[in-house]
Amino acid sequence: MNKRVRVRFAPSPTGPLHIGGVRTALYNYLFAKQNGGDMLLRIEDTDSARFVPGAEDYIVEALNWLGITIDEGVGAKSTGNHAPYRQSERKSIYRKYVDQLLEAGLAYIAFDTPVELEAKRAEIANFQYDAKTRGLMANSLVLPADEVKARIERGEQYVVRIKIEPNEEIKVQDLIRGEVVINSSVIDDKVLFKSSDELPTYHLANVVDDYLMEISHVIRGEEWLPSAPLHVLLYRYLGWTDVMPEFAHLPLLMKPDGNGKLSKRDGDRLGFPVFPLNWKDPKTGETFSGYREAGYFPEAVVNFLALLGWNSGTDQEIFSMQELIDLFSLDRVSKSGAKFDYEKGKWFNHKYLQNKPLEEIADLFQHILVEKDIIEDSEKVMKVVGLVRERANFITELWAQSSFFFVAPTSYDERTVQKRWKAETPRQINELIAVLNEITEFNAEKTEEIVKEWITASEYNMGGVMNAFRLSVVGESKGPHIFDIISLIGKEETIARLKTAVEVIGGN
RNA sequence: GGUCCAUUCGUCUAUCGGUUAGGACGCCAGGUUUUCAUCCUGGAAAGAGGGGUUCGACUCCCCUAUGGACUACCA
């Protein structure tokens, strides 16, 4: 009786994949992998008017980057035996089911134009195309059969609407919310098919494809909950109730400020990405930032997103994809919408930055250095990264934390100069130069020992000398242990920087 | 307006009738670091309101309030 678990992520290519959509894809993936099932990617492009070039590639690339692998469908390695997986390419499939519904009297043809419908809505408050109003409209239920035929032959555009019987309590079993009951009277006679482009609408295409593709679980956003009863009805009308998939409606991702669901423009408005990858709108030229380009690790994004609406029931916060697959369960998905907490997202990335192997971080950082025309051997880069990574959240912040390892300061932070550069400082720095010059074994331990001995012996103020030393080498009051820095940049460079500081800042 | 869904610290959440209501992010304080961060320790911080049910409710039920989704020839 247990059928194979098959889930699908079914976005429409109307733009870049939103972070909420990414989470839906992730949950589908986790559920599929946990149950040894299949993850399909189907493109729902039944609205020819809203197609955006590049959106499909974007979706595939984003899922790829995140490590959400597709077993079947668009973007999968092998084609799969339910092809095609783009609804626009499945055009010929749907007509048959439309006719089946029409013949059974469960759907009907309607000629009302958008203009006429709009007029009706203006005329009747809360107008809904349903059992109460369809007798007033231009459809095959009221028009004589020969006129319907004539109109179609004349080439008049029409749509096919589902015929919903009023006053029935329709039950939807939801894996997250339990039983949801909706009275059929509040559902309107939804359009299932339009003659203008010979394409079904979402509702029909979705049900037909899920049936044909043997989908076992429909895991989608909560925005679909109100139309779930319609889908249940469609399964019944088509005679597929016994193989109807189970439903799970996920809570939505909300704006961090104010109210409403997270949307396209919130990200750049509030200073964080809401898309996985950068996106440039081909029509408007508008650009939106993505997590990848913002310097995030895909693992951190996955971890962060997984916990926005789901938890393991333990105190664990850091999960690998494999752990998520093992632990995920739909009944631990929360029911209410989650506000998007960008600060926590940064923290996740910080964690991954600390825990990843040094070689990997150094390798990534090398790319940034190369862009700045800095060529360094990987051994030094690795040492630098080891010293500064803990103060960064992103690879991209590593440069700001470590530039002084590669280039001498070109200016000195004014406030630090005021605070740390005293009248006696130039003399002390000159002495320091001489002390350092004598050291043959120029490593962190040795230099620290000798320098501190000299400061103590000279009865200088330890803090005074040390801070001026740092200012001269780094340019400001920041960075790792000063002796670690000088051992890496070397004796000559250290002395050169000290000399420059004395010259430039001078007597202040 | 109608329908549906939801409601624990500022945020993400644990708790599946009996807990000093726990953890994490963020925030604040102290400590470490003769810098800045990191890090460590500590702290402040929550059951929307009202009725029930029960020996006992954050937990179950009802009402109210609030938030959200949907209400297209879009998905």
Side-chain angles (χ1 to χ4, degrees), chain A residues 10-14 44-47 49-50 87 110 112-114 117-118 121 125-129 157-161 172 174 176-178 180-183 185-188 190-197 199-203 205-206 220-229 249 251-252 254-256 258-261 304 307-318 331-332 334-348 350 354 388-392 401 413 416 419-420 452 455 461-471 474 476-482:
Chain A
S12 76
T14 52
E44 309 231 327
D45 53 352
T46 49
D47 185 357
R50 294 211 310 161
Q87 291 183 330
D112 318 87
T113 64
L117 286 169
E118 212 170 298
R121 284 190 194 100
N126 296 323
F127 172 82
Q128 181 171 285
Y129 208 124
Q157 297 298 340
Y158 64 90
V159 298
V160 174
R161 286 179 181 271
V172 179
D174 186 278
I176 294 171
R177 284 148 220 284
V180 176
V181 183
I182 294 180
N183 192 289
S185 296
V186 306
I187 307 173
D188 61 342
K190 282 269 182 292
V191 171
L192 300 179
F193 183 86
K194 44 214 164 30
S195 69
S196 58
D197 55 8
L199 242 26
T201 61
Y202 169 80
H203 302 289
N206 173 262
R220 79 235 290 195
E222 193 186 345
E223 70 268 29
W224 294 109
L225 193 51
S227 52
H249 290 92
L252 266 17
M254 318 294 282
K255 295 177 197 290
N259 308 310
K261 70 170 170 178
F304 172 47
L307 260 41
L308 230 41
W310 171 85
N311 77 87
S312 67
T314 70
D315 287 347
Q316 188 176 348
E317 298 275 342
I318 302 298
D331 48 51
R332 292 205 66 90
S334 54
K335 295 180 176 69
S336 50
K339 281 193 183 173
F340 195 79
D341 183 6
Y342 187 63
E343 286 303 320
K344 192 147 186 180
K346 287 202 282 199
W347 175 80
F348 275 109
H350 175 83
Q354 311 317 312
V388 303
R389 62 154 23 151
E390 64 189 22
R391 43 223 314 145
Q401 296 294 347
D413 181 65
T416 312
K419 200 172 161 194
R420 310 290 194 192
K452 285 187 172 174
I455 295 172
N461 177 281
M462 183 71 79
V465 178
M466 294 297 290
N467 284 304
F469 188 9
R470 174 177 296 279
L471 176 63
V474 174
E476 54 188 303
S477 178
K478 69 166 192 188
H481 196 51
I482 184 69

*Taking atom C1' in both B:U15 and B:C58, what distance in whole Å separates the two?*
8 Å
*Figure out the CD1/C1' separation between A:I187 and B:A72, and round it to whole Å.*
16 Å
*asked:* So A:V181, base contact, sugar-phosphate only, or nothing? Heavy-atom distance under 4.0 Å.
replied: sugar-phosphate
_G-U wobble or Watson-Crick pairing nucleotide for B:C27 (cut-off 3.5 Å, both distances)_ = B:G43
_For a quick check of understanding: with a heavy-atom distance under 4.0 Å over all strands, which category does A:D112 fall into, base, sugar-phosphate or nothing?_
base
*In Watson-Crick or G-U wobble terms, both distances under 3.5 Å, what is the partner of B:G67?*
B:C5
_Both distances below 3.5 Å, Watson-Crick or wobble geometry, any strand: find the nucleotide opposite B:A14._
none
*For nucleotides B:A21 and B:A45, find the distance between their P atoms and express it as a whole number of Å.*
13 Å
_Can you tell me which nucleotide in B:C70, B:C4, B:C12 comes closest to the side chain of A:L225?_
B:C4
*Classify the nucleic acid contact of A:P251 as base, sugar-phosphate or nothing, counting any heavy atom under 4.0 Å across all strands shown.*
nothing
*asked:* For A:F340, give me all partners under ring pair (Phe, Tyr, Trp, His ring centres under 6.0 Å), at least two apart in sequence or on another chain.
replied: A:F272, A:F304
*Selection from B:C74, B:C25, B:A6 that lies nearest to any side-chain heavy atom of A:R177*: B:A6
*Indicate, with a heavy-atom threshold strictly under 4.0 Å, whether A:D341 touches base, sugar-phosphate, or nothing.*
base
*asked:* Side chains of A:I187 and A:P229, heavy atoms from C-beta outward: is any pair under 4.5 Å?
replied: yes
*Which is true for A:T46 with a 4.0 Å heavy-atom rule: it touches a base, it touches only sugar-phosphate, or it touches nothing?*
sugar-phosphate
*For A:G309, report the nucleic acid contact type (base, sugar-phosphate, nothing); a contact means any heavy atom under 4.0 Å.*
sugar-phosphate
*In whole angstroms, how far is the P atom of B:U7 from the NZ atom of A:K339?*
15 Å
*Between B:C5, B:C25, B:A69, spot the one nearest the side chain of A:L252, thanks.*
B:A69
*asked:* Heavy atoms only, 4.0 Å cut-off, all strands: where does A:V159 land among base, sugar-phosphate and nothing?
replied: base
*Want to settle it: does A:K335 or A:R420 sit nearer the 5' end of RNA chain B, counting the closest nucleotide to each?*
A:K335
*Within less than 4.0 Å of OP1 or OP2 of B:U13, is there a side-chain N or O belonging to A:S334?*
yes
_Using the P atom as the point on both nucleotides, what is the distance between B:U59 and B:G47, in whole Å?_
13 Å
*Carefully, step by step, assess A:S195 and A:Q157 under the rule side chain to side chain donor-acceptor pair (under 3.5 Å).*
CA-CA 6 Å; A:S195 69; A:Q157 297 298 340; 2.5 Å; yes
*Using atom NZ of A:K255 as one end and atom C1' of B:G67 as the other, report the distance to the nearest whole Å.*
14 Å
*Could you state the CZ-C1' distance from A:R50 to B:A75, rounded to the nearest angstrom?*
6 Å
*In Å, rounded to the nearest 0.5 Å, how long is the span from NZ of A:K190 to CG of A:D188?*
3.5 Å
_Walk along nucleotides 38-47 of chain B from 5' to 3' and tag each nucleotide B, S or - by protein heavy-atom contact under 4.0 Å, base first, then sugar-phosphate._
BS--------
*Hunt down the Watson-Crick or G-U wobble partner of B:C58, both distances under 3.5 Å, from any strand shown, or write none.*
none
*Side chain of A:R161: nearest nucleotide among B:C73, B:C12, B:A69?*
B:C73
*Any N/O donor-acceptor pair, A:K344 side-chain to B:A24 base, under 3.5 Å*: yes
*From B:A75, B:G26, B:G23, pick the nucleotide closest to the side chain of A:E317?*
B:G23
*asked:* Tell me whether the count of non-hydrogen atoms from other residues, nucleotides or ligands lying under 6.0 Å of NZ in A:K478 goes above 12.
replied: yes
*Of the listed nucleotides B:C73, B:U13, B:G23, the one nearest the side chain of A:N311*: B:U13
*Select from A:Q128 and A:S336 the residue whose nearest nucleotide in RNA chain B is closer to the 5' end of that strand.*
A:S336
_Looking at B:A21, which nucleotide sits across from it as a Watson-Crick or G-U wobble partner, both distances under 3.5 angstrom, or is there none?_
none
_Can you confirm whether the side chains of A:R220 and A:H249 place a donor and an acceptor under 3.5 Å from each other?_
yes
*Just how far, in rounded Å, is C1' of B:A69 from CD of A:E222?*
6 Å
*Going by atom types only, do A:D112 and A:Y129 share a side-chain donor-acceptor pair under 3.5 Å?*
yes
*Ring-ring centroid check A:W347 A:Y342, cutoff 6.0 Å*: no
_Nucleotide B:U15, atom P - distance to CG of A:D315 in whole Å_ = 11 Å
*Nearest whole angstrom, please: distance from the P of B:C5 to the CD1 of A:I182.*
7 Å
*Can you tell me the distance, in whole Å, between the CE atom of A:M466 and the C1' atom of B:U33?*
11 Å
_N or O in side chain of A:K261 less than 4.0 angstrom from B:C70 OP1/OP2_ = yes
*When you check the side-chain N and O atoms of A:S336 and A:S334, is any donor under 3.5 Å from an acceptor?*
no
_Does B:G1 have its OP1 or OP2 closer than 4.0 Å to a side-chain nitrogen or oxygen of A:N126?_
no
*Give one of base, sugar-phosphate or nothing for A:R121, where a contact means two heavy atoms less than 4.0 Å apart.*
sugar-phosphate
